[in-house]
Amino acid sequence: MTDFDNRVFVFTVATLERALDDWVARQVAAYPHQEERIRIAALAMRDFFDSEQVGRHKMILGTEARSDERDPAE
């Protein structure tokens with residue numbers, strides 16, 4: 001696996017969705033017998049980015065933070 005220690009990833013949800021769709025298409029084309037696993041992996045990635053852990057580790061920036069992560073005074 002590539003060393004990600006010093007990288008910062010910045011993207012919108014729309015970009016993530018497009019990238020995952022592209023990734024799924026490429027993987028299914030290369031490994032058609034693994035399509036179910038590939039689609040499950042992509043769903044897991046989507047679930048992760050919508051998880052409590054992403055909010056808790058402050059991986060969301062800007063005004064589009066999840067509503068349950070916002071300051072109650074807002």
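- Here OG of S51 is found 8.5 Å from NE2 of H57. Values are rounded to the nearest 0.5 Å.
- Salt bridge status for D21 with R39: absent, with no side-chain N to carboxylate O gap under 4.0 Å.
- Atom CD of residue Q34 and atom CD1 of residue I40 lie 10.5 Å apart, to the nearest 0.5 angstrom.
- A pairwise comparison of heavy atoms in E35 and V28 identifies CG-CG2, 3.8 Å as the closest pair.
- A distance of 12.0 Å separates CZ in F11 from CZ in R18, rounded to the nearest 0.5 Å.
- How far OH of Y31 is from CZ of R37: 13.5 Å, rounded to the nearest 0.5 Å.
- In terms of the side-chain hydrogen bond (donor to acceptor under 3.5 Å, both in side chains) criterion, R26 has no residue partners (sequence neighbours excluded).
- Residues F48 and L20 are members of one and the same hydrophobic cluster, defined by side-chain heavy-atom contacts under 4.5 angstrom among Ile, Leu, Val, Met, Phe, Trp and Tyr.
- Criterion: ILVMFWY side-chain heavy atoms under 4.5 Å apart, direct or through other members. Under it, F9 and V13 are not part of a common hydrophobic cluster.
- Separation of atoms CG (L61) and OG1 (T12) is listed at 12.5 Å; rounding is to 0.5 Å.
- Note that CG of L16 and CH2 of W23 are 12.0 Å apart. Values are rounded to the nearest 0.5 Å.
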